Amino acid sequence: MFKTQPQSTLDSSRDDLAVQIQHLNYFFGVGDLSKQVLFDISLELPKGQIVILTGPSGSGKTTLLTLAGALRRLQDGSLRVLGKELVGLGDRALVNVRRNIGFIFQAHNLFESLTASQNVEMAVELTGKFASKREQSVTMLSALGLADRVDYKPKSLSGGQKQRVAIARALVNHPKLILADEPTAALDKKSGRDVVTYLHNLSRQEGCTVLMVTHDNRILDVADRIINLVDGRLESDSTPNDFVQHKTQEALTEVSADMFIM
Amino acid sequence: MARVSVAWSNLMHERTRLIVAIAGVSFAVVLIFMNLGFMGALISTATNFYEQFNAELFLISPETLEISTSTAFPRERIYQVAGVDGVERIMPLYSEYLLWRNPETGVSRGIFVYGINPNDPVFLMPELQGTEARRILSRPDTAFIDRLSRPEFGPQEIGTTTEADRRRITIGGTYFLGGGFAADGTLIMSDQNFIRYLEPRPLSLINVGLVKLKLGVSPEKVAATMRALLPADVNVYTKAGIIEHDSAYWLESTSIGFIFSMGVVVSFIVGAVIVYQILFTDIRDHLPEYATMKAMGYRSQYLFKIVLQEAIFLAVLGYIPGLAAALGLYHLTATATAGTLPVAMNGGRVIFVLGLTLLMCSLSGLISVRKAVTADPAEIF
Ligand SMILES: Nc1ncnc2c1ncn2[C@@H]1O[C@H](COP(=O)(O)OP(=O)(O)O)[C@@H](O)[C@H]1O
Ligand SMILES: [Mg+2]
């Protein structure tokens with residue numbers, strides 16, 4: 001079976017980009033009930049960058065992440081992930097794209113019935129490397145500080161440890177792109193910080209791109225870049241320092257404006 | 001290294017649920033086995049007397065429904081096949097109902113009578129073998145009575161004298177045969193006595209023609225030769241064939257077949273529903289994990305396989321104790337009914353029920369798997 005890919009007339013794909021989004025619109029529902037949640041998004045994520053996506057709740061961050069992760073079909077605009085155009089792809093082709101992406105969720109979603117290592121091995125099995133899967137899994141868990149926990153079931157692990165197992169599962173196949181949605185939300189301050197530090201170090205070693213949604217102001221410093229999404233539109237795109245300064249200024253002007261009215 | 005068996009681990013993880021599931025499957029398996037066992041036993045009691053017939057081939061009229069509802073046919077027919085290659089001996093068998101009076105209560109009751117030539121070794125019961133038995137059988141107004149006849153027929157002691165169709169009769173001997181579904185009791189008497197009690201019945205019309213074959217001769221082959229020789233007023237059956245013929249009649253004409261088949265169907269559904277409940281709950285509890293697997297790049301068919309594997313595991317894990325329990329209950333039933341309900345296991349049934357169990361669990365698996373397959377990886381963020 002041969003499928004002809006819709007050939008983009010404006011083929012401006014670039015090798016140095018992990019994610020390239022052009023004029024992306026996204027709607028939930030169909031017909032009268034259809035509701036647009038993303039408006040004309042254009043965004044480029046160079047390889048190796050750690051990008052934090054922030055914004056108020058309901059602004060479309062998760063939706064954008066699931067689209068970039070090939071978890072939803074999409075029809076409009078252009079979305080290239082690791083050199084592959086996702087717009088117009090069928091379910092089978094989307095599954096193949098997913099295998100090159102590491103996902104980290106707010107909930108760890110580990111199989112309670114499997115040990116830490118087995119949970120990670122499930123990811124390795126997708127690559128067919130059955131002979132080395134245990135070794136790969138143990139190496140990755142050790143890199144995350146879980147060398148002495150490989151054969152524990154999730155029940156006997158702390159929240160932070162479980163999240164690290166989930167990260168090991170996402171990273172064990174060395175994906176070139178990692179998508180994380182509030183990975184620290186369920187963790188206490190210390191474990192949250194640890195998890196992000198591990199993620200940061202691994203990204204630097206492996207040279208992979210990280211797109212992470214977070215509300216957690218304490219971890220903004222690991223980012224190379226911070227993108228703010230409001231009501232489905234890109235509001236700002238800046239470095240952590242600018243972002244923080246901007247936020248403070250905003251707060252100041254709000255205060256002075258209030259004073260002025262009084 | 002082998003694949004991580006998600007199916008096995010998931011089942012083993014929830015012990016209580018696993019035990020409930022296994023108990024549910026076992027329960028259904030036992031119910032199915034008991035229904036089939038009772039059906040088989042009842043049908044075999046309807047026909048097991050044939051085992052005591054000393055013949056390989058049986059000639060009956062096409063109008064004969066079962067042994068006690070038979071249409072007589074000309075004795076000529078067995079003489080016609082007497083010369084066929086492989087035939088050792090041909091023997092006529094007469095049968096009819098007679099009113100037997102209980103000498104103690106005076107109440108008469110229909111008893112099933114076999115009439116035989118005393119010199120023919122028609123039956124295999126040890127009590128009927130030997131010259132002494134032949135001599136007693138040849139006495140006038142004498143018959144052997146079945147020890148398995150209902151007690152309502154009265155005393156079965158040798159020498160007891162009573163009346164059959166208003167004519168004196170003496171019990172000359174006893175044997176163990178059983179009358180199947182039709183007869184409450186049986187008698188065996190000589191053909192000469194038979195025509196005396198059942199006047200005006202001629203000996204030229206017989207009810208069953210028995211053919212004893214030489215050793216090592218194939219009954220099927222001889223039967224085929226005979227069928228080509230004989231006119232349409234008589235059919236030839238092997239022993240297995242006539243048992244099948246009578247069983248089919250009893251299955252159809254009584255509600256035995258229907259009742260126990262319904263029992264099997266209901267047990268099957270009960271088992272399927274239990275397994276469905278268990279698998280469905282299991283899938284629902286693991287939905288985020290299944291969705292995560294899809295996000296990682298596993299295809300729906302892999303989840304499909306996991307659920308189906310769980311179903312197969314449950315089938316096998318439930319079948320084994322179910323089979324063991326059924327064997328115990330078969331033994332118990334056979335003992336408790338003192339062998340009158342010969343519930344017994346056979347290889348065909350072991351395989352058949354295993355197949356049924358696998359089908360039951362796979363069906364439940366297929367119905368419940370839809371939920372796992374529709375797990376949407378986009379919904380877990
Ligand atoms: N499956 C869905 N069907 C319909 N609307 C949805 C669905 N998922 C999210 N939405 C809507 O889309 C908008 C963006 O949601 P989301 O991407 O989850 O925002 P965020 O992650 O920034 O909080 C919200 O208004 C939400 O109600
Ligand atoms: Mg969200």
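Letters A, B, ... mirror the listed sequences (proteins, then strands); counts begin at 1. Model, not experiment: these values are computed from the prediction.
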Is [X] close to chain A through its backbone or its side chain, or both, or neither, when contacts mean heavy atoms under 4.5 Å?
| X | value |
| --- | --- |
| B:Tyr302 | side chain |
| B:Met12 | neither |
| B:Ala2 | backbone |

Any salt bridge linking [X] with [Y]? Criterion: basic side-chain nitrogen under 4.0 Å from a carboxylate oxygen.
| X | Y | answer |
| --- | --- | --- |
| A:Asp91 | A:Arg72 | no |
| A:Lys133 | A:Glu125 | yes |
| A:Asp151 | A:Arg134 | yes |

By a 4.5 Å heavy-atom criterion (distance strictly below it), what part of [X] contacts chain B: side chain, backbone, both, or neither?
| X | result |
| --- | --- |
| A:Glu182 | neither |
| A:Ala131 | backbone |
| A:Phe103 | side chain |

Quick one: does A:Asp181's side chain get under 4.5 Å of A:Gln106's, heavy atoms only? no
If you count heavy-atom pairs under 4.5 Å between each of [options] and chain B, which one has the most?
| options | value |
| --- | --- |
| A:Leu94, A:Ile101, A:Leu126 | A:Leu126 |
| A:Thr66, A:Val95, A:Asn109 | A:Asn109 |
| A:Asn100, A:Asn173, A:Leu65, A:Leu110 | A:Leu110 |

Check each of B:Asn10, B:Asp285, B:Thr281 against B:Arg17 using the side chain to side chain donor-acceptor pair (under 3.5 Å) test, and report the only one that passes. B:Asp285
B:Phe260 and B:Phe258: ring-ring contact (aromatic ring centres under 6.0 Å, His included), yes or no, with the steps? CA-CA 6 Å; B:Phe260 291 105; B:Phe258 177 75; over 10 Å; no
Can a side-chain donor-acceptor contact be found between A:His174 and A:Glu206 if the only test is distance below 3.5 angstrom? yes
